[in-house]
Engineer: 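Just passing along the structure, written as structure tokens.
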There are 2 protein chains.
Amino acid sequence: MAPNASLTCLHTAKLSPVRYGAPCLSLTSARRLYIASSNVPEKRERVVILGSGWAGYAFARTLDPKKFERIVISPRSYFVFTPLLASTAVGTLEFRAVLEPIRRLRGGVRFHQGWADDVDFSRKTVSVEANVFDDLASRTIVLPPSPPGKAVRPHGAPVKGEIFEVPYDKLVVAVGAYSQTFGIEGVRQHAHFLRDIGDARKIRSRVLSLFEQCTYPGGSSDGKVAEGTTKPLSDDDKRHLLHFAIVGGGPTGIEFAAELHDLIHEDLARIYPDLLKFVRITVYDIAPKVLPMFDQTLAKYAMDTFARQGIQVKTEHHIQRVRLADGDLGTEHGGLLIKIKEAGDKEIGAGMVVWSTGLMQNPFIETMVAKRFPVKDGVIGHLVKDGRTGGLVTDGYLRARTSTDEGDNKAIYGPVDGVLEDVYVMGDCAVIEDNRTLPKTAQVASQQATYLARRMNKTGDGVTTAMPPFRFRNWGAMAYLGSWKAIHQSSADELRGWMAWVLWRTAYLTKSMSLRNKITVAFYWAMSWIFGRDISRF
Amino acid sequence: MAPNASLTCLHTAKLSPVRYGAPCLSLTSARRLYIASSNVPEKRERVVILGSGWAGYAFARTLDPKKFERIVISPRSYFVFTPLLASTAVGTLEFRAVLEPIRRLRGGVRFHQGWADDVDFSRKTVSVEANVFDDLASRTIVLPPSPPGKAVRPHGAPVKGEIFEVPYDKLVVAVGAYSQTFGIEGVRQHAHFLRDIGDARKIRSRVLSLFEQCTYPGGSSDGKVAEGTTKPLSDDDKRHLLHFAIVGGGPTGIEFAAELHDLIHEDLARIYPDLLKFVRITVYDIAPKVLPMFDQTLAKYAMDTFARQGIQVKTEHHIQRVRLADGDLGTEHGGLLIKIKEAGDKEIGAGMVVWSTGLMQNPFIETMVAKRFPVKDGVIGHLVKDGRTGGLVTDGYLRARTSTDEGDNKAIYGPVDGVLEDVYVMGDCAVIEDNRTLPKTAQVASQQATYLARRMNKTGDGVTTAMPPFRFRNWGAMAYLGSWKAIHQSSADELRGWMAWVLWRTAYLTKSMSLRNKITVAFYWAMSWIFGRDISRF
């Protein structure tokens, strides 16, 4: 399949038997926004990109399609603009407004929906398992505990999809990280995550469903519980179900708490006025303070804002277990009980637990590290794993480091002797050897991606080290706090309150989004402001 | 719960501990669009409305909240603007643009999400089973074959939700009809329906997934099928999976075929140019012609348009069975095989079957007809069922007819002797005794609803027969044919082609939709026109 070959006007007879009437001309010109140039040389290097997150998508977007053939492999068919994901989970934005489909990348791109399952560095091929699991196409995957001595499949399920091989000239590994539950009982089964669009959809549905459940009158019309009718929920039950517990005080957890507060107080308060008194939002964190990336004054401002809004923040709290509540509340309403070390034997009731803490390496990293291949002069070597984070070690040019020392593999990180030609690593799964403390953030991932793609565009094959190595530039941090307030911090300045909120919104509108989504996001912000958030549950 | 009591500004201290900053004033005024008047008399008649379709929603919307307390009971929490549902199934419109949440009705409304399960005409109460089935909250329910002598539950599943009673002063039955599969094997399990938003979502996901599946390269990189890799799909397999079979040549089936054609030829053709040659769309109907509500010339124009677009229409075709295809194509790709009487033993392959034909009565109608209650002078009577359609018989004022003749029940329809006070029936489940051939359409349902609500608003209690009985006025019919063409027919005129398409769009924009959705629909039409439809699958 030549991906660019036919990306001309769709109204040509070759493509379709349709003949359009009068509007064809204007349709065609409008659609030209997406029409690719076909002046592409026949023989380009095949760059296979594993992953469609901040690193993989930004790289594919920046790499010049005239010079390289781009093949993206990812279990999901789009990039998620994660800073606005919490907004979609409460209905401020429509889900599709924060997605960019990979197949819509300009200049033509090949895409395979699936997991990188294996790699052969000698034959330069990647094995891919097609993602035919509809429910895994858009949700955070949380691995089950792996049986001893047996690797867990990337999706935590037995093989079900087709397996096929994809050859590469250059391989860019940007598979990101998985969510980590630290083996805490019940988190994987009962908690919600917030890393993908399917997660946001489930959260939105669950929040609305909890309010709906708490309005069921129960009992018979005379207030008694007649035979065959159900006991109504008590006030304590409602207080239990309308407690929203968020675990993790990073930006994701804090912003979700803020957005949830806005949804409840701006929209649900008018629809369910009698339930408002039962609602509680609590953020739990194991650390002594939340929002660690912000200055003390900004973090304090955030906590004061939360306190005024009635959102509780409980630091130094250790979650030990999450389980279904007893009786009808657990089975019929999905009520949960959280065991917290600091609360002793008393379990805390909640209708929803949102887990926004903890990352672990993608199991594919382990697969890659286990590979043996000739490095030079016939000596057998392997990739190098960082001892602290488990990520793949790269040089400053994001090339995968190799070692021939088998002792390394046990000590995990040891001396390196070379680089593996044509294999690059970026984002959450990469550790640059001279700069091992870079945070696992979207900023780092997208800066690495742009750096590498531009270098390849410039040097043609990207192998040269004539260009300077990667250097991270901190663009600052922002977080939304609810009630039209935010905090912003960079090396140059600090902002808080309403002005920071304006900056928060405009910054997100101008950041790496397609024109289509910029317009859509602005449209939904206006609509939510005028009409409120949509509350249909489906 | 007094539904209107607290529907004032949400920023009051009583409702929420939030204090907003500067933007409060403008937010408040913008939100006033939804703020209800609280000048409502304390004692109003309780009107319980069963259903939130064209009849139930239009009735609840028109009934004066100052005079009546409105209580809506429906398994779904919104009204679906069905004429645009097919557009959401292909991504021309966003799902939420065609939904109107019941809880957003102006003037305050009480709502219980669940099925009317039983009724007691003497105590004037309805028993409701709460809809706690998340997957049934937005999908077409197709009843399994009922075991002999045992009624099927409204949702076809054992009781799972809470049961509670709701008392009424007046009862408005607008429960609509269920989908009918005529007992054809496999339809319930394998076909898609298109009556609710969850159906549209599943169709959208399935269409995109079929195209994605057909791009999996299969095999190893050298073109051979290495050990551990999967055989690639053959051209025949692709032709099988990319056959879209639509059963039913009414407006729903025809418009879905047209919209699907647009999606494939305007959007997917550019993304999957190599697959276009495998795509087929076929509409099957048992009748000798499709679109029976249109004149011969318009129906012929529709067929000619379809023929030019490559959509096949096969009339007088009897579907006998739908089953999963054999081997990997069935298990891994969900390929289907359709047995058709006219094709003999040869089964037709398809990747998707959309079932858009056949209605049956809601099982709740049977529950109502089985009830016995004193009619007058202590004589026991019952409601009357129409022999042909199984609907409830009403008089011209939409009041439920009663009979004391037990023979009636066997003959199904016999002489009637009275009306059951305070019980009204509308829409698909109603049959007016003097006008029994009214079609089961949105037009009839919404005209009946508006008629009854206005009469009640005017006369206070709605019992009077001083006003004229219901009279149906045919507003004409419209259908979209794809490629920016439509047909329109009314008693006054006929239109076809592009002008009819413009009329089709503007008519739908001005019909019973909220301002919010009018704006949203116009927005998405513009966005789809400029940027194409979104193709993310989640």
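Residue numbers start from 1 in every chain, and the chains themselves are labelled A, B, ... in the order their sequence lines are given, proteins ahead of strands. Remember, predicted model here, so these are calculated numbers, not experimental data.
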Engineer: Does any heavy atom of chain B fall under 4.5 Å from the side chain of A:I519, the backbone, both, or neither of them?
Structural biologist: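 A:I519 touches chain B through backbone and side-chain heavy atoms alike.
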Engineer: I need the residue from A:E94, A:H112, A:M527 with the largest number of non-hydrogen atom pairs under 4.5 Å to chain B.
Structural biologist: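 It is A:E94.
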Engineer: For B:D196 and A:F538, run side chain to side chain contact (heavy atoms under 4.5 Å, CB included): C-alpha distance rounded to whole Å, both residues' side-chain angles, the deciding distance at 0.1 Å, then the answer.
Structural biologist: CA-CA 10 Å; B:D196 203 338; A:F538 63 90; over 6 Å; no
Engineer: Determine the option with the most heavy-atom pairs under 4.5 angstrom with chain B, choosing from A:F111, A:Y524, A:F523, A:F95.
Structural biologist: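 Answer, by heavy-atom pair count under 4.5 Å with chain B: A:F523.
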Engineer: Which atoms of A:Y272 are under 4.5 Å from chain B, going by heavy atoms: the side chain, the backbone, both sets, or neither?
Structural biologist: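 Answer is side chain: those atoms of A:Y272 sit under 4.5 Å from chain B.
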Engineer: Need one label for A:S536: side chain, backbone, both or neither, based on atoms under 4.5 Å from any heavy atom in chain B.
Structural biologist: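 Both backbone and side chain.
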Engineer: Between A:R104 and B:D267, does at least one N-O distance fall below 4.0 Å, as a salt bridge requires?
Structural biologist: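 Result for this pair is yes, salt bridge flagged.
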Engineer: With side chains defined as the heavy atoms from C-beta onward, is the minimum distance between A:D534 and B:R516 less than 4.5 Å?
Structural biologist: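 In contact.
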Engineer: Should A:I535 and B:Y78 count as side-chain neighbours, where that means a heavy-atom distance under 4.5 Å?
Structural biologist: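 No. Closest side-chain heavy atoms not under 4.5 Å.
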Engineer: Would you mind telling me which of A:I264, A:T331, A:T520 has the largest number of heavy-atom pairs within less than 4.5 Å of chain B?
Structural biologist: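 With the most close heavy-atom pairs to chain B, the winner is A:T520.
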Engineer: Name the member of A:R76, A:Q113, A:R96 that forms the most heavy-atom pairs with chain B at distances under 4.5 Å.
Structural biologist: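 Between A:R76, A:Q113, A:R96, the count favours A:R96.
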Engineer: Under 4.5 Å between any side-chain heavy atoms of B:E212 and A:R103, yes or no?
Structural biologist: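 A side-chain contact exists here, since the closest heavy-atom pair is under 4.5 Å.
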